[in-house]
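Both ligands and their constituent atoms are indexed starting at 1 by order of listing. We use all heavy atoms of the structure for the numbers below, so side chains are in, but hydrogens, waters and symmetry mates are not.
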Amino acid sequence: MEVIIQPDKKAASSLAARIVAQLIQRKGECVLGLATGNTPLMLYKELIRLHKQGELDFERVTTFNLDEYVGLSPSHPASYTSYMWENFFKHINIPAHRVHIPDGLAPDIPAFCRQYEGAIKAAGGIDIQVLGIGTDGHIGFNEPSSSLASRTRIKTLTKQTLEDNARFFNGEENVPHHVITMGVGTIMESRKCLLMAFGKKKADVVARMVEGPITAMVPASILQMHPEAVVIIDEAAASKLERSDYYRWVYDNKPDWQKY
Ligand code: F6R
């Protein structure tokens, strides 16, 4: 796991954008796994800026989103489909048929989940999976106790996540209880995982993910087993790490060929 501590959210998001941009510029036809929530908003803004400047072409980019609420129409303002189009897709030149977001209205959810897994495989697998982390340690919506080998499926949100997401729904009572999420096993098959976390609220869970034991009680901790997991955090989210000096030292002493 590579832990990169940046002074603030803006610097961290620019670095994450550079990593994604390098992939698109190098590979052209590539597959991105995407997340929603507050964390990746500045990353998307920066990628949009690079696109508008003529530096990034999304014509041959395919995307798969991590998750979506069950029972929410894609046009609902709090759906992850609306979020993605509003905050990212409508500002870039990605062809709509290359965008994949779980269908919260799928009549047969298990069949839809199998099909989603099949589509990821058919696209050649995910090159970079962008991730945030829940205050309870979830990635995607794989809540604590999720199987670390799980695949795309339906999950029930924890009380903590309902509270955390109430802000998008005018109160906790309106947050759907079920979601479709890529599994932990699905995420682990991505060639690179890029997890960002910002703010003091994430400091505890970041420390548990990076320096705690690997446990299904903190699903993100399985990233310790990923061959290319990059964790980009701001100072506040890094504040409870015991070895932060070491992570800084490693980053400052990266050989030139390894720098982003
Ligand atoms: C969203 C997702 C979630 C969020 C996490 C953090 O697609 O998969 O795991 O990344 O809940 O949310 P924020 O970024 O709002 O703190």
Side-chain angles (χ1 to χ4, degrees), residues 8-10 12-13 16 32-45 63-70 72 74 76 78-89 99-104 113 116 120 126 128-146 148 150-169 172 175-188 190 193-206 208-209 216 218-223 229-234 236-237:
D8 53 32
K9 186 165 148 173
K10 189 163 186 284
S13 303
L32 299 179
L34 299 176
T36 59
N38 277 334
T39 308
L41 283 172
M42 284 184 101
L43 161 68
Y44 296 146
K45 277 212 173 90
T63 64
F64 288 91
N65 262 79
L66 283 166
D67 38 24
E68 179 59 287
Y69 292 103
V70 168
L72 220 56
H76 188 288
S79 77
Y80 285 169
T81 305
S82 297
Y83 169 105
M84 287 308 301
W85 282 96
E86 272 312 303
N87 292 301
F88 194 29
F89 297 144
V99 168
H100 303 82
I101 301 173
D103 178 3
C113 293
Y116 203 68
I120 294 173
I126 292 171
I128 293 183
Q129 175 65 58
V130 173
L131 296 165
I133 182 170
T135 54
D136 63 2
H138 69 228
I139 42 174
F141 273 135
N142 297 284
E143 298 285 33
S145 83
S146 287
L148 297 180
S150 51
R151 313 301 310 185
T152 303
R153 69 208 182 294
I154 188 166
K155 282 295 289 180
T156 307
L157 297 179
T158 58
K159 187 101 178 58
Q160 176 71 63
T161 304
L162 295 180
E163 272 170 36
D164 287 349
N165 289 3
R167 63 194 193 276
F168 301 114
F169 287 90
E172 196 186 315
V175 186
H177 286 205
H178 295 109
V179 290
I180 294 175
T181 180
M182 273 187 210
V184 181
T186 321
I187 293 169
M188 286 294 283
S190 311
C193 286
L194 193 56
L195 186 145
M196 293 181 291
F198 308 132
K200 220 170 139 210
K201 223 177 122 196
K202 297 283 171 81
D204 271 316
V205 78
V206 163
R208 292 172 75 201
M209 163 181 69
V218 183
S221 63
I222 192 63
L223 293 173
V230 183
V231 173
I232 307 181
I233 52 184
D234 64 1

Exercise for the section: Decide if the gap between the ring center of F169 and the ring center of Y69 is smaller than 6.0 angstrom. Expected result: yes
Practice task
Answer with yes or no after comparing the ring centroid distance for F64 and Y116 against a 6.0 Å cut-off, counting only values under it.
Solution key: yes
Suppose I only count heavy atoms of [X] and a 4.0 Å limit; which atoms of ligand 1 are within that range?
X	value
A35	7 (O)
R167	15 (O)
G140	2 (C), 3 (C), 8 (O), 9 (O)
L66	8 (O)
G37	14 (O), 15 (O)

Handout entry: Heavy-atom donor-acceptor pair, S79 side chain to P74 backbone, under 3.5 Å
Key = yes
Problem - Side chain K202, main chain I133, donor-acceptor under 3.5 Å - result: yes
Problem - Residue pair R151, T181: steps toward the side chain to side chain contact (heavy atoms under 4.5 Å, CB included) verdict - result: CA-CA 8 Å; R151 313 301 310 185; T181 180; over 6 Å; no
Completion exercise
Of all heavy-atom pairs linking P219 and E143, the shortest is CG-O, 3.5 Å
Handout entry: Heavy-atom pair of closest approach, residues L195 and L223
Key = CD1-CD1, 3.7 Å
Practice task
Look at ligand 1 and say whether Q160 reaches it with a heavy atom at a distance under 4.0 Å.
Solution key: no
Problem - Close approach of K202 to ligand 1, heavy atoms, under 4.0 angstrom - result: yes
For [atom], what's the nearest protein heavy-atom neighbour? Residue, atom name and distance, please.
atom	answer
atom 2 (C) of ligand 1	D67 OD2, 3.3 Å
atom 14 (O) of ligand 1	T39 OG1, 2.4 Å
atom 10 (O) of ligand 1	G132 CA, 3.3 Å
atom 1 (C) of ligand 1	T36 OG1, 3.1 Å
atom 5 (C) of ligand 1	H138 NE2, 3.4 Å

Exercise for the section: Answer side chain, backbone, both or neither: which part of I133 comes under 4.0 Å from ligand 1, heavy atoms only. Expected result: backbone
Problem - Structural part of N38 in contact with ligand 1, heavy atom criterion under 4.0 angstrom - result: both
Exercise for the section: Kindly indicate whether the side chain of V230, heavy atoms from C-beta on, has any atom under 4.5 Å from the side chain of C193. Expected result: no
Exercise for the section: Answer whether the closest heavy-atom distance between the side chains of R153 and N142 falls below 4.5 Å. Expected result: yes
